[in-house]
Amino acid sequence: MEATCRKALEHGLPAIAFTDHADFVAVHEGQHELDVPGYLEGVERCRAAFPTLRIISGVELGEPHLFPAEAAAVLDAGRLDRALGPVPGIRIRGRAT
C-alpha cells in the first residue's frame, strides 16, 4: 500500500482507493478470509504516512447475494468507506450480460 501511495503522489493524484476483495466462494473452498482489521490497520498507517493524499478504504464483496451472512460479517468487522457488490456474468432473458 505504501508503494502505491508514493506512486499516486508522484503522479499528482489527490486521492486513491484501496478496495480489497472478499471472495466468499474461495473461502468456502478453503482459501483465506479477508482480514478486515489488518487491512484497515494498513490503510490507517498509509493515512498517517501520506497526510496530503486522500485514502479511501473499501471492499469488493464477491457475490454477496449468494453469501449474505458472510457479506454482513465483513461489513460489520470494521468501518469501510465503500462497499462494492459486483455480480459478474448474470443472465437476462438467457443471455449473458
Side-chain angles (χ1 to χ4, degrees):
M1 286 180 161
E2 289 88 351
T4 302
C5 289
R6 273 192 290 283
K7 278 288 187 192
L9 289 173
E10 286 173 17
H11 290 285
L13 296 177
I16 190 167
F18 290 106
T19 54
D20 213 332
H21 191 80
D23 185 350
F24 305 121
V25 173
V27 169
H28 283 271
E29 293 174 353
Q31 295 181 24
H32 73 282
E33 287 185 46
L34 172 62
D35 173 16
V36 176
Y39 161 75
L40 289 173
E41 183 180 304
V43 169
E44 289 304 321
R45 192 172 47 250
C46 286
R47 286 176 175 161
F50 304 95
T52 62
L53 182 64
R54 181 172 180 230
I55 302 172
I56 301 165
S57 67
V59 64
E60 180 182 346
L61 302 169
E63 302 190 73
H65 63 293
L66 297 177
F67 301 96
E70 291 88 340
V74 168
L75 296 175
D76 289 342
R79 188 179 183 291
L80 298 162
D81 298 317
R82 302 284 185 273
L84 310 173
V87 182
I90 62 171
R91 293 187 150 316
I92 299 175
R93 294 186 202 104
R95 293 180 42 201
T97 60

In a table with atom names and distances, give each donor-acceptor pair under 3.5 Å that connects a side chain of residues 37-53 to protein atoms at least two apart or in another chain.
unit_1, atom_1, unit_2, atom_2, d
Tyr39, OH, Phe18, O, 2.3
Tyr39, OH, Gly58, N, 2.9
Tyr39, OH, Gly58, O, 3.0
Glu44, OE2, Arg47, NH1, 2.6
Arg45, NE, Glu2, OE2, 3.0
Arg47, NE, Ile55, O, 3.0
Arg47, NH2, Ile55, O, 2.7
Arg47, NH2, Asp81, OD2, 2.8

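To the nearest 0.5 Å, atom CZ of residue Arg82 and atom OG1 of residue Thr19 are 11.0 Å apart. Going from atom CG of Leu75 over to atom CG of Leu61 covers 5.0 Å, rounded to the nearest 0.5 Å. For the atom pair CG of Asp20 and CG of Leu34, the computed distance is 5.0 Å after rounding to the nearest 0.5 Å.
Remark: Ala77 engages Val36 in a side chain to side chain contact (heavy atoms under 4.5 Å, CB included) (not counting sequence neighbours).
No continuous path of ILVMFWY side-chain contacts below 4.5 Å connects Ile56 to Leu9, so the two sit in separate hydrophobic clusters.
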